[in-house]
Amino acid sequence: MNLKDLKNQLERVKRASKRRSIQLIISLSFTLVSIASMTFLTFAFYTSYINKAKENAIEDNTQIINQISWNLNTYLRNMMGISDSMYYNVIKNLDLTSDTMNKEMDLLYEANRDNLISIACVSQDGALISAAPVATRKPGVDFVDQKWFSETENQIENFYFSTPHVQNMFVSSNYRYYWVVSLGRSVDLNYMGHSRKGILLVDMNYSAIEQMFAKVNESGTGYVYLIDSDGTIIFHPKQKAIYTGLYDENNLVAAEYDDGNYIESFNGQKRAIIVKTVGYTGWKIISVIPTNEITGDYNELNAFLLIIITVTVFLIVFGNIIISKIVTKPVRNLADSLKSIEDGRFNEEDIFIGGSHEIRHLGRTIKSLVSQMQKMMDERVAEQKDKRKSELDALQAQINPHFLYNTLDSVVWMIEAEKYPEAISMITSLASLFRISLSKGNNIITIKDEITHAKNYLAIQKVRYKNRFEATINVDPAIENCITIKLIIQPLIENAIYHAVGELDDDGMIEVNGYEKDGDIFIEVIDNGMGIPPETLENLLKEKSTSKGKGSGIGLWNINQRINLYFKEDYGLKIYSELDEGTKAVIHLPKMTMEEYKGGGNEK
Amino acid sequence: MKNKKLFIVAVLAVILLLAVESYIYFNFSKFQKSPTHISFILTGDNLDNWDSMMAGAEDAAEDENCVVDFINCPVEYGVSGEIDSLNGALADGADIILISSIDYNAIKAYVDENDLEDKVFYVKNGIFGDSKNSVMTDDYELGIEFAKYITDNVNAKRLVLVTQTEDVNTLSQVNGIMENLTGMGIEVDYRKLSKNETKLNQSMYNLGQSGLYNGYITLDLATLTAACEAKSKLNKDLSIFSISSNIEAVYYMDAGIVNGLLFKDDYSMGYLAVKKALKSDLITADGFDTKLYYILDKNMIHTEEMEKILFPFVK
């Protein structure tokens with residue numbers, strides 16, 4: 001497609017867009033506005049709903065985190081209480097050279113055995129002073145090399161909480177290994193008043209923490225995990241998968257978060273994060289809610305909204321089509337009325353008046369305009385009619401001098417030839433001729449008068465031409481009362497005489513026939529003269545601006561033109577001629593009586 | 001008249017639309033994708049030995065719209081028991097079957113014969129690379145690597161390689177170890193021992209006290225246990241190297257009885273099997289070892305990294 005075609009296409013679209021109907025514009029505009037509003041409202045509602053749901057999910061998880069934080073705090077406080085109790089109530093008051101702490105340690109252990117794996121007291125050089133439950137120290141294991149030992153030594157004033165690890169102190173039975181979180185504290189050991197440093201180790205049962213979190217993770221949205229202040233994972237529902245590298249967690253970044261809510265993107269997933277720090281330990285409970293899990297719960301809502309939207313859109317489209325159709329009906333009716341005016345039917349009764357006030361007003365205004373236009377057009381037609389009459393009169397004025405000149409020429413010739421009776425007869429006929437010609441100023445006369453006129457004329461001409469031709473007139477009496485324009489037969493007879501039979505010796509023949517055919521009237525003037533050459537015949541009925549004397553054809557044109565002006569161009573004069581055979585002039589007129597004509601039938 | 005027709009069409013269309021959409025809405029749950037049902041057939045007399053693998057499979061299933069159930073097939077039922085379990089699982093509507101078979105060749109022949117290749121995944125036991133639907137270690141390569149480790153960590157000149165079973169995995173391991181140890185100047189003899197516990201213990205004791213060998217290489221838990229017992233009874237400096245994925249093997253090593261352990265990572269195999277069966281995206285961390293096994297000595301057991309892999313969290 002070249003640029004020109006493209007332009008044409010654009011132009012076509014532009015034109016088509018201009019032709020759009022008012023109904024289309026209304027229904028389209030209403031539909032667009034309605035759908036836009038509905039989309040906006042739905043979007044606003046949906047966004048608000050989803051945000052609220054997210055807030056609720058975050059709120060729920062915040063509560064869960066607070067609860068688990070409280071539980072964990074209680075648990076850790078309890079563990080610290082055990083440590084405090086052991087230290088302040090037992091170790092501080094004990095001289096290790098004379099007493100043991102085994103009994104008190106056992107009691108404490110037994111009282112808390114669900115949450116504890118062991119309690120142990122170790123000297124600063126790694127010797128085991130006491131442990132509960134009673135166990136054999138694992139051969140080859142040096143406590144000093146263990147992480148909890150060195151870390152506790154570094155935090156003399158504080159508790160040390162380790163990350164989960166497998167307890168590696170005592171000989172286990174039945175292949176049993178315990179995951180523990182070690183709570184270590186530096187203690188002063190009394191040896192006969194001499195104080196030496198030692199470590200009191202409470203190994204908490206990791207399964208207690210694990211169960212605490214596992215319970216939370218069984219239900220609800222997302223999951224909760226626990227890290228220490230460095231981001232090392234203490235508990236995670238996918239702990240093992242993380243350790244083996246099969247799963248990844250954003251724990252190192254989470255360690256940097258302060259308490260509060262965050263949105264983070266991790267491994268291409270958007271997640272809502274809630275952080276809560278556990279007192280004493282610096283551990284952080286992290287709640288993770290993948291945002292797609294929040295919105296995933298609303299698939300049913302989405303389906304419901306989709307149903308509502310599609311039905312509503314459907315209703316809007318159909319509703320708008322129907323409403324716009326009803327609203328625009330009066331306008332379309334009015335447009336149809338205007339179309340009939342455009343087609344030329346000026347009937348003010350056809351103008352639609354109805355519908356709303358504005359459309360009724362418009363209809364009445366158009367009706368008034370049509371009425372005024374009709375009036376103006378009638379006036380214009382009347383003016384045209386007058387003008388046409390003036391033109392006819394002017395044409396008539398061209399005929400009369402022509403005929404008069406010829407007749408008087410004949411009379412002059414008779415008088416010169418001293419043929420006074422013939423001259424008298426001719427002048428009498430001329431007088432009769434003029435009487436009909438005048439016709440009280442009417443241009444329309446009956447066929448009967450026109451024939452009489454023709455007979456008078458023939459009488460004059462027969463005298464003049466010494467009866468060198470014969471003339472017969474056969475007119476159907478049924479058409480005698482019908483009208484004709486006056487002086488249209490006589491010029492044809494005149495032409496037949498001057499250009500045909502007048503030049504023959506004595507066998508000239510003129511025949512005038514009048515009859516009705518197919519509801520119209522035909523009057524023929526036939527001669528048996530020499531005929532008219534085709535090239536002349538072709539131009540006979542064409543307009544001539546000036547008369548060029550005898551045979552110029554101005555008479556024939558006048559006849560044809562007068563008939564056309566009076567009775568439209570369906571009617572008129574036709575000339576048929578064959579060389580050496582003769583000529584036939586045929587006048588075609590509407591069949592109309594004088595009464596019909598006067599009644600307005602001239603427009604036939 | 002025209003408006004009336006249009007109105008009727010509109011009403012009918014809305015009713016039709018409402019009917020269709022209501023049907024969809026009220027049957028919404030039916031249109032949602034139902035969870036994939038995976039049956040995991042584990043052959044063995046003690047399901048506890050599969051704890052790690054089951055934990056891995058369950059952890060992997062948690063992320064997916066998937067349900068995993070475990071079917072324990074006793075050893076005495078053999079491969080026919082596995083086939084019955086497989087058919088039973090399929091009849092119960094399992095979409096995918098994961099299987100750790102005791103006779104890979106037989107179960108694979110059955111699967112191929114019944115055009116079940118797309119539904120059955122082989123886990124841990126089988127011929128590495130034999131099926132695209134498999135998650136297992138390359139036992140031959142594993143044997144080669146373990147042979148190198150033994151060579152580097154033992155002064156023994158003559159070892160006995162013992163096993164109780166001769167499945168495809170074990171034979172691959174035997175080949176890998178034998179071929180490479182011989183090449184490194186260590187003589188190694190292969191012995192398949194009795195499944196009878198008394199006979200096994202006696203054989204192991206006799207091998208130890210014969211003075212022919214400086215140590216054992218065991219390829220299953222039964223021979224490892226027997227070797228440890230023999231070492232204890234003989235009170236001789238016998239080296240023990242073992243391939244296993246049981247906590248008992250870790251215990252023997254922790255107790256200083258076992259010198260070297262090749263530990264198969266059952267947890268990862270279970271995890272990967274489910275992920276692979278579901279064709280899920282797997283985002284692994286940088287440290288993930290695709291070999292699915294670790295070679296350990298005593299000093300490595302209680303390192304921070306190995307503790308998390310070797311010891312199950314809570315029993």
Side-chain angles (χ1 to χ4, degrees), chain A residues 138-141 145-147 163-168 171-179 205-208 210-211 214 217 223 232-233 235 237-249 266-269 299-300 303-304 306-308 310-311 314-315 317-319 321-322 325-326 329, chain B residues 2-4 6-7 9-11 13-14 17-18 20-22 24-25 28-29 31-32 52 55-56 59-60 62-63 246-252 254-256 265 267-268 271-272 275 281-290 292 298 301-302 304-315:
Chain A
K138 205 171 177 180
V141 172
D145 296 337
Q146 299 208 356
K147 194 179 175 187
T163 51
H165 63 98
V166 175
Q167 193 187 57
N168 186 26
V171 173
S172 61
S173 57
N174 302 325
Y175 321 118
R176 192 80 193 254
Y177 288 91
Y178 294 100
W179 278 90
N205 190 351
Y206 176 69
S207 71
E210 193 271 343
Q211 280 168 17
N217 282 314
Y223 59 90
T232 307
I233 288 173
F235 171 83
K238 288 210 170 13
Q239 201 149 348
K240 186 100 179 179
I242 291 169
Y243 290 153
T244 48
L246 288 165
Y247 193 84
D248 210 2
E249 186 52 84
F266 181 64
N267 283 340
Q269 190 183 46
N299 282 341
E300 205 163 338
F304 180 70
L306 199 67
I307 290 169
I308 295 290
T310 48
V311 171
F314 207 77
L315 284 172
V317 170
F318 262 102
I321 289 171
I322 291 168
K325 208 171 164 69
I326 292 167
K329 196 181 174 190
Chain B
K2 233 178 168 183
N3 281 348
K4 201 176 172 184
L6 189 66
F7 182 75
V9 167
V11 169
V14 168
L17 192 67
L18 271 172
V20 170
E21 294 195 328
S22 299
I24 294 169
Y25 179 70
F28 188 77
S29 56
F31 295 109
Q32 288 186 319
S52 290
D59 280 357
E62 259 179 28
D63 293 340
N246 298 89
I247 189 67
E248 288 88 340
V250 178
Y251 172 80
Y252 290 134
D254 196 23
D265 184 1
Y267 176 89
S268 295
Y271 190 96
L272 289 172
K275 288 283 182 184
D281 292 333
L282 187 68
I283 302 168
T284 55
D286 292 340
F288 178 64
D289 190 344
T290 52
L292 302 172
K298 188 174 185 300
I301 293 177
H302 285 284
E304 211 166 323
E305 295 74 26
M306 281 303 148
E307 272 189 352
K308 290 159 185 170
I309 292 163
L310 298 175
F311 299 98
F313 278 103
V314 181
K315 283 244 184 180

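Here is the naming used below: chain letters follow the sequence lines, and residue numbers restart at 1 for every chain. Note that this is a predicted model, so its numbers are computed, not measured.
- A/Q167 contributes no side-chain N or O that, together with a main-chain N or O of A/Y178, makes up a donor-acceptor pair within less than 3.5 Å.
- In terms of non-hydrogen atom pairs under 4.5 Å with chain B, the most contact-rich of A/T163, A/V311, A/L306, A/N168 is A/N168.
- Inspection of the B/Y252 and B/E248 side chains reveals no N or O donor paired with an N or O acceptor under 3.5 Å.
- Of the possible donor and acceptor atoms, one in the side chain of B/Y267 sits under 3.5 Å from a partner among the backbone N and O of A/A241.
- Between A/W179 and B/F311, the two ring planes are perpendicular [angle over 60°; tilted spans 30° to 60°].
- Using a 4.5 Å cut-off between heavy atoms, B/A55 makes no contact with chain A at all.
- Contact annotation for B/E305: neither backbone nor side-chain heavy atoms come within less than 4.5 Å of a heavy atom of chain A.
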